[in-house]
Amino acid sequence: MSRPKSRRELYSEATRAALLETATAMFAERGFARTSLDDIAAATQVTRGAVYHHFDSKQALFEAVFEALEERMTAHVGAAATGQPDAWQAAMAALDAFLDLCCEQPYGRLCWLEGPIALGWTRWMEYEEKYAYALIDAFLQAARDAGLLAPVPARTATQLVFHLLGGAGRTIAEASEADRRSVRDECGVTIRRMLDGVRA
């Protein structure tokens with residue numbers, strides 16, 4: 001049986017959650033480069049020392065924000081795919097859920113525009129292989145196992161679909177707020193038609 005958390009532990013957890021929430025909003029609004037730890041500390045109403053207690057650098061804080069967004073994306077996409085009639089329709093439902101998330105400022109901007117800059121390409125790709133790439137690979141494998149995918153090289157197919165969806169994520173994130181939904185719909189139609197080419 002686990003022991004109850006102390007008041008200090010509860011306060012520490014609440015402070016960390018507040019920092020993540022504030023940092024997510026500020027990074028999404030201003031971008032990584034134009035947001036400082038001092039800005040985040042002031043907006044969260046904590047000291048700079050409190051920030052460093054949880055995160056040793058601005059990049060570490062961004063990385064925590066980034067991973068939380070990717071975990072949310074994974075859960076959201078997985079939920080959309082659950083209960084679909086077959087593996088192909090599950091993948092298409094997941095695609096729609098992913099494109100919808102790209103319309104949201106935190107996920108679209110931070111994961112597809114700011115992420116490669118803030119984390120560096122290599123570190124960013126490590127996260128993408130863990131989350132988006134792994135999801136795409138799983139959906140394609142499920143379609144392959146169900147006989148719904150044409151005989152295309154598995155690794156190459158996953159890589160190309162990953163970059164296709166990444167391009168869509170960046171295109172949507174770069175669109176103005178007024179145009180974002182229409183750009184999302186254009187991406188959805190185009191990607192579906194392209195993916196139909198590898199459907200058995």
Side-chain angles (χ1 to χ4, degrees), residues 20-21 24-25 27-28 63-116 119 121 123-200:
L20 286 172
E21 182 179 357
T24 300
F27 285 140
E63 196 161 333
V65 166
F66 184 91
E67 186 154 30
L69 289 171
E70 290 287 27
E71 288 173 349
R72 176 176 173 248
M73 180 276 293
T74 300
H76 183 70
V77 166
T82 300
Q84 295 297 324
D86 62 39
W88 189 264
Q89 292 183 65
M92 294 303 101
L95 170 63
D96 284 335
F98 166 77
L99 294 175
D100 287 341
L101 270 182
C102 291
C103 290
E104 297 181 11
Q105 180 80 337
Y107 180 76
R109 179 171 185 181
L110 298 186
C111 290
W112 294 105
L113 300 181
E114 298 290 331
L119 302 177
W121 179 260
R123 185 64 173 153
W124 179 77
M125 275 301 300
E126 287 174 0
Y127 274 110
E128 291 310 310
E129 287 176 4
K130 179 180 177 181
Y131 292 104
Y133 185 96
L135 269 178
I136 291 164
D137 193 49
F139 280 116
L140 290 177
Q141 186 59 52
R144 189 178 293 110
D145 291 344
L148 300 172
L149 195 66
V152 294
R155 179 170 173 77
T156 298
T158 299
Q159 289 177 328
L160 292 179
V161 173
F162 167 75
H163 289 294
L164 175 63
L165 297 188
R170 287 186 292 276
T171 299
I172 294 167
E174 288 171 346
S176 67
E177 190 171 351
D179 294 336
R180 202 166 289 152
R181 288 302 307 184
S182 62
V183 171
R184 174 252 179 265
D185 291 342
E186 289 173 359
C187 287
V189 169
T190 304
I191 291 170
R192 280 173 179 267
R193 289 179 177 172
M194 294 174 78
L195 292 179
D196 278 342
V198 294
R199 188 176 182 180

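All values below were derived from every heavy atom in this structure, side-chain atoms included, with hydrogens, water molecules and symmetry-related copies excluded.
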Can you tell me how far OH of Tyr107 sits from CZ of Phe66, rounded to the nearest 0.5 angstrom?
7.5 Å
Met125 and Glu129, any side-chain heavy atoms less than 4.5 Å apart
yes
Exactly one candidate in Arg72, Arg180, Arg109, Met73 meets side chain to side chain contact (heavy atoms under 4.5 Å, CB included) with Glu104; the answer is Arg72
As an exercise, state the distance from CG of Leu135 to OG1 of Thr74, rounded to the nearest 0.5 Å.
4.5 Å
Does the plane of the ring in Tyr131 sit parallel, tilted or perpendicular to the ring in Tyr127? Use 30° and 60° as the thresholds.
parallel
Measure the shortest side-chain to side-chain distance between Trp88 and Arg199 over non-hydrogen atoms and say whether it is less than 4.5 angstrom.
yes
Less than 4.5 Å apart, any side-chain heavy atom of Gln159 and any of Tyr133?
yes
Salt-bridge test for Lys130 and Glu70: reply yes if a basic N is under 4.0 Å from a carboxylate O, no otherwise.
no
Note, Leu99 side chain near Asp185 side chain (heavy atom, < 4.5 Å):
no
Do the side chains of Asp96 and Arg184 get close enough for a salt bridge, i.e. N-O under 4.0 angstrom?
yes
Rounded to the nearest 0.5 angstrom, the CD-CH2 distance for Glu114 and Trp124 is 12.5 Å
Looking only at atom types and distance, does a side-chain atom of Trp112 sit under 3.5 Å from a main-chain N or O of Gly167, one as donor and one as acceptor?
no
A quick test of your reading: do over 12 heavy atoms of other residues, nucleotides or ligands sit less than 6.0 Å from CD of Gln105?
yes
With distance as the sole test, does Thr190 use its side chain to make a donor-acceptor pair with the main-chain N or O of Cys187 at under 3.5 Å?
no
Which atom names give the shortest non-hydrogen contact between Ala173 and Gly108, and what distance separates them?
CB-O, 3.4 Å
Hey, could you give me the OG/CG distance between Ser182 and Asp179, rounded to the nearest 0.5 Å?
5.0 Å
Could you tell me whether the side chain of Thr158 reaches within less than 4.5 Å of the side chain of Gln141, counting heavy atoms only?
no
Determine, stepwise, if the pair Met92 / Leu195 fulfils side-chain contact (heavy atoms from CB on, under 4.5 Å).
CA-CA 10 Å; Met92 294 303 101; Leu195 292 179; 3.8 Å; yes
